[in-house]
Visitor: 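Structure below; questions to follow.
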Amino acid sequence: MTTFVLGGTGKTGRRVAQRLRDAGVPVRIGSRSARRPFDWTDPQTWAPALEGVSSVYVSFQPDLAVPGAPQAIQAFTDLAVASGVTRLVLLSGRGEDEAAVSEEIVRSAGVESTVLRSSWFNQNFSEDYLLEPVLAGEVALPVGDVPEPFVDADDIADVAVAALTEEGHDGQVYELTGPRLLTFADAVAEIAAATGRDITFVQVPAADYAAQLPPELADLLMYLFATVLDGRNAHLTEDVRLILGREPRDFADYAKETAHTWTA
């Protein structure tokens with residue numbers, strides 16, 4: 001039976017899909033450009049994409065904290081179970097109270113389920129909205145000295161594949177962190193050291209930062225920076241090590257291996 005990977009071209013989804021393929025697991029990519037298109041905003045695309053699917057990696061765009069996410073997750077989960085899906089693995093946000101509603105929907109679906117609460121991705125600096133500021137040499141954000149246990153997308157993908165393909169993860173809620181705490185200034189300094197470039201971090205007022213954001217991103221990013229990044233996640237967990245039998249990838253190693261992205 002096929003595993004359906006939502007967000008299959010995104011930071012975690014494409015890594016999950018590749019690992020499943022490497023393991024010989026049939027994979028269907030969930031994206032608007034897929035052969036069977038899937039669009040969270042168009043429920044008419046959901047049923048065809050779920051045909052013949054036994055398990056689903058659920059990555060909601062743009063984030064489970066946005067208004068309307070629980071309703072979409074409820075409708076999709078109901079349809080998935082009715083279509084014969086027997087295992088759901090939900091990517092969630094660590095410390096996001098709003099995401100807890102969607103987590104409970106998936107956990108109460110009556111099929112095997114696992115929730116992955118992720119910390120801030122390392123790859124936000126190289127594959128997302130922080131790439132351009134790093135390339136420009138200045139990362140300006142409305143955050144201070146609050147530490148975050150940055151986690152690598154490769155570790156998230158490895159845990160997701162374990163939950164999708166192995167027994168023993170049903171009903172579990174895993175909190176995924178890296179091996180140490182860093183402030184955003186620390187993270188930028190690690191990137192500067194890895195690249196040999198002069199890259200600075202600047203703390204800016206929240207209102208000034210919000211004014212520069214595209215309207216479709218402003219509310220979400222300000223929620224993440226101003227609400228979630230308040231110290232509630234400033235502690236490490238052992239979940240990555242316990243599930244994978246190895247230590248999570250350190251941010252310094254990520255920066256060294258990704259340095260070419262910021263120096264090209």
Side-chain angles (χ1 to χ4, degrees), residues 10-19 22 57 59 89 91-96 114-135 137-139 141 143-163 166 169 172-203 224-225 228-264:
K11 287 191 290 296
T12 63
R14 63 183 174 82
R15 289 172 164 86
V16 171
Q18 187 59 57
R19 284 159 171 75
D22 291 345
Y57 175 68
S59 175
V89 176
L91 179 66
S92 186
R94 188 168 184 244
E96 296 182 17
T114 310
V115 172
L116 310 181
R117 291 177 180 164
S118 172
S119 301
W120 219 286
F121 297 176
N122 294 347
Q123 281 73 12
N124 286 337
F125 289 96
S126 55
E127 301 177 19
D128 210 333
Y129 55 92
L130 295 177
L131 172 59
E132 186 174 342
V134 171
L135 291 172
E138 181 181 282
V139 179
L141 295 172
V143 294
D145 294 329
V146 177
E148 173 72 12
F150 292 93
V151 66
D152 199 88
D154 285 317
D155 289 338
I156 299 170
D158 285 342
V159 172
V161 169
E166 300 173 0
H169 302 288
Q172 298 299 311
V173 177
Y174 296 127
E175 296 207 0
L176 308 182
T177 74
R180 61 190 173 113
L181 296 169
L182 301 100
T183 65
F184 273 81
D186 293 334
V188 171
E190 296 270 9
I191 294 172
T195 59
R197 295 179 53 220
D198 183 14
I199 307 171
T200 60
F201 173 82
V202 179
Q203 182 179 357
L224 294 174
F225 282 120
V228 177
L229 201 68
D230 62 356
R232 68 183 69 183
N233 291 333
H235 59 278
L236 306 176
T237 74
E238 296 291 317
D239 287 351
V240 171
R241 183 179 60 81
L242 292 174
I243 297 162
L244 301 180
R246 61 167 176 80
E247 293 301 316
R249 189 185 190 193
D250 188 76
F251 191 93
D253 294 328
Y254 153 76
K256 292 172 184 176
E257 294 170 18
T258 314
H260 65 279
T261 299
W262 303 304
T263 56

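As the structure is a computational prediction, the values presented were derived from the model and not from experiment. Reckoned from all heavy atoms, side chains included, excluding hydrogens, waters and symmetry mates.
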Visitor: With ring centroids as reference points, do Phe125 and Trp262 lie under 6.0 angstrom apart?
Guide: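 Ring-ring flag for Phe125/Trp262: false, centres at least 6.0 Å apart.
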Visitor: Could you grab the distance from atom CD of Gln123 to atom OG1 of Thr261, nearest 0.5 Å is fine?
Guide: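 Output value for this atom pair is 10.0 Å.
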Visitor: For Ala194 and Ala259, which heavy atoms make the closest approach, and how far apart are they?
Guide: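 Heavy atoms only, the tightest pair is O-CB, 3.7 Å.
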Visitor: Quick one, Asp239 with Arg117, criterion salt bridge (charged side-chain N to carboxylate O under 4.0 Å, His left out). Give me CA distance, side-chain angles, the key distance, then yes/no.
Guide: CA-CA 10 Å; Asp239 287 351; Arg117 291 177 180 164; over 6 Å; no
Visitor: Taking side chain as C-beta onward, heavy atoms only, is Glu138 less than 4.5 Å from Ile199?
Guide: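 With C-beta onward as the side chain, the pair stays apart.
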Visitor: Is there side-chain contact between Leu229 and Leu224, with at least one heavy-atom pair below 4.5 Å?
Guide: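 A side-chain contact under 4.5 Å is absent here.
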Visitor: Measure the spacing between CZ of Phe201 and OG1 of Thr183 and express it to the nearest 0.5 Å.
Guide: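 Going from CZ on Phe201 over to OG1 on Thr183, the span is 7.0 Å.
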Visitor: Taking all non-hydrogen atoms of both residues, which atom of Val89 and which atom of Ala163 are closest, and how far apart?
Guide: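 Where Val89 meets Ala163 most closely, the heavy atoms are CG2-CB, 3.8 Å.
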Visitor: Do Arg180 and Glu190 pass the salt bridge (charged side-chain N to carboxylate O under 4.0 Å, His left out) test, and can you show the C-alpha distance, the side-chain angles, and the key distance before you say yes or no?
Guide: CA-CA 13 Å; Arg180 61 190 173 113; Glu190 296 270 9; 2.6 Å; yes
Visitor: Centre-to-centre under 6.0 Å for Phe150 and Phe184, is that the case here?
Guide: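 Yes, ring centres under 6.0 Å apart.
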Visitor: Would Val146 and Asp230 count as a side-chain contact (heavy atoms from CB on, under 4.5 Å) if you check the C-alpha gap in whole Å, the side-chain angles of each, and the deciding distance to 0.1 Å?
Guide: CA-CA 7 Å; Val146 177; Asp230 62 356; over 6 Å; no
Visitor: Taking the six-membered ring for Trp, are the ring centroids of Trp120 and Phe225 within less than 6.0 Å of each other?
Guide: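 Yes.
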Visitor: Where the side chain of Asn122 meets the backbone of Ala153, is there a donor-acceptor pair that is under 3.5 Å apart?
Guide: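 A pair under 3.5 Å: no.
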Visitor: Enter the distance from Ser126:OG to Glu257:CD here, rounded to the nearest 0.5 Å.
Guide: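 Reported to 0.5 Å precision, the distance equals 11.0 Å.
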Visitor: Can you spot which of Ile156, Thr237, Thr114 makes a side-chain contact (heavy atoms from CB on, under 4.5 Å) with Tyr174?
Guide: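 Among the candidates, only Thr114 passes.
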Visitor: Would you say the side chain of Val202 lies within less than 4.5 Å of the side chain of Val139, judging by non-hydrogen atoms?
Guide: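 Contact flag for Val139/Val202 side chains = no.
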Visitor: Less than 4.5 Å apart, any side-chain heavy atom of Gln203 and any of Val143?
Guide: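 Side chain of Gln203 against side chain of Val143, heavy atoms only: no contact under 4.5 Å found.
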Visitor: Taking everything shown except Glu132 itself, do over 12 heavy atoms lie less than 6.0 Å from its CD?
Guide: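 For Glu132, atom CD is not crowded (no more than 12 foreign heavy atoms under 6.0 Å).
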Visitor: Yes or no on side-chain contact (heavy atoms from CB on, under 4.5 Å) for Arg94 and Ser118, after CA distance, side-chain angles and deciding distance?
Guide: CA-CA 5 Å; Arg94 188 168 184 244; Ser118 172; 5.9 Å; no
Visitor: Are the side chains of Glu148 and Ser119 in contact, using a 4.5 Å heavy-atom criterion?
Guide: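 In contact.
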Visitor: I'd like to know if the side chain of Thr258 reaches the main chain of Ala255, judged simply by a donor and an acceptor atom lying under 3.5 Å from each other, with no hydrogens or angles considered.
Guide: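 Answer holds: no.
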Visitor: Closest approach of Val16 and Ala160, non-hydrogen atoms and distance?
Guide: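 Taking Val16 first and Ala160 second, the nearest heavy atoms are CG2-CB, 3.8 Å.
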Visitor: For Val134 and Val188, run side-chain contact (heavy atoms from CB on, under 4.5 Å): C-alpha distance rounded to whole Å, both residues' side-chain angles, the deciding distance at 0.1 Å, then the answer.
Guide: CA-CA 8 Å; Val134 171; Val188 171; 5.7 Å; no
Visitor: Just do the salt bridge (charged side-chain N to carboxylate O under 4.0 Å, His left out) check on Arg15 and Asp155 with the steps written out, would you?
Guide: CA-CA 10 Å; Arg15 289 172 164 86; Asp155 289 338; over 6 Å; no
Visitor: Determine the minimum heavy-atom distance between Asn233 and Pro149, stating which atoms define it.
Guide: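 Heavy-atom minimum between the residues: O-CD, 3.1 Å.
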Visitor: Would you call Arg197 and Thr263 a side-chain contact if the rule is heavy atoms closer than 4.5 Å?
Guide: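 Yes; the side chains approach each other to less than 4.5 Å.
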Visitor: Does Glu127 reach the main-chain N or O of Lys11 with its side chain, forming a donor-acceptor pair under 3.5 Å?
Guide: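 Between the backbone of Lys11 and the side chain of Glu127 there is no qualifying donor-acceptor contact (under 3.5 Å).
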Visitor: If we ignore hydrogens and angles and just use 3.5 Å, is the side chain of Thr177 paired with the main-chain N or O of His235 as donor and acceptor?
Guide: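 Pair absent, no side-chain N/O of Thr177 close to backbone of His235.
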Visitor: Please say which of Thr12, Asp152, Leu130 ends up in a side-chain contact (heavy atoms from CB on, under 4.5 Å) with Phe121.
Guide: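 By the side-chain contact (heavy atoms from CB on, under 4.5 Å) criterion, Phe121 pairs with just one of Thr12, Asp152, Leu130: Thr12.
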Visitor: List the atom of Pro147, the atom of Leu181, and the distance in Å for their closest heavy-atom pair.
Guide: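 Reported closest heavy-atom pair: CB-CB, 3.8 Å.
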Visitor: Got a second to check how far Arg249's CZ is from Asp158's CG, nearest 0.5 Å?
Guide: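 One finds 10.5 Å between CZ of Arg249 and CG of Asp158.
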Visitor: Rounded to the nearest 0.5 Å, how far apart are CG of Leu131 and CG of Leu135?
Guide: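 If I round to the nearest 0.5 Å, the distance is 4.5 Å.
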Visitor: Just to verify, which of Gln172, Glu166, His169 counts as forming a side-chain contact (heavy atoms from CB on, under 4.5 Å) with Ile243?
Guide: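 It is His169; the other options fail the test.
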Visitor: What do you reckon, is CG of Asp145 surrounded by more than 12 foreign heavy atoms closer than 6.0 Å?
Guide: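 Atom CG in Asp145 is not crowded, with 12 or fewer foreign heavy atoms closer than 6.0 Å.
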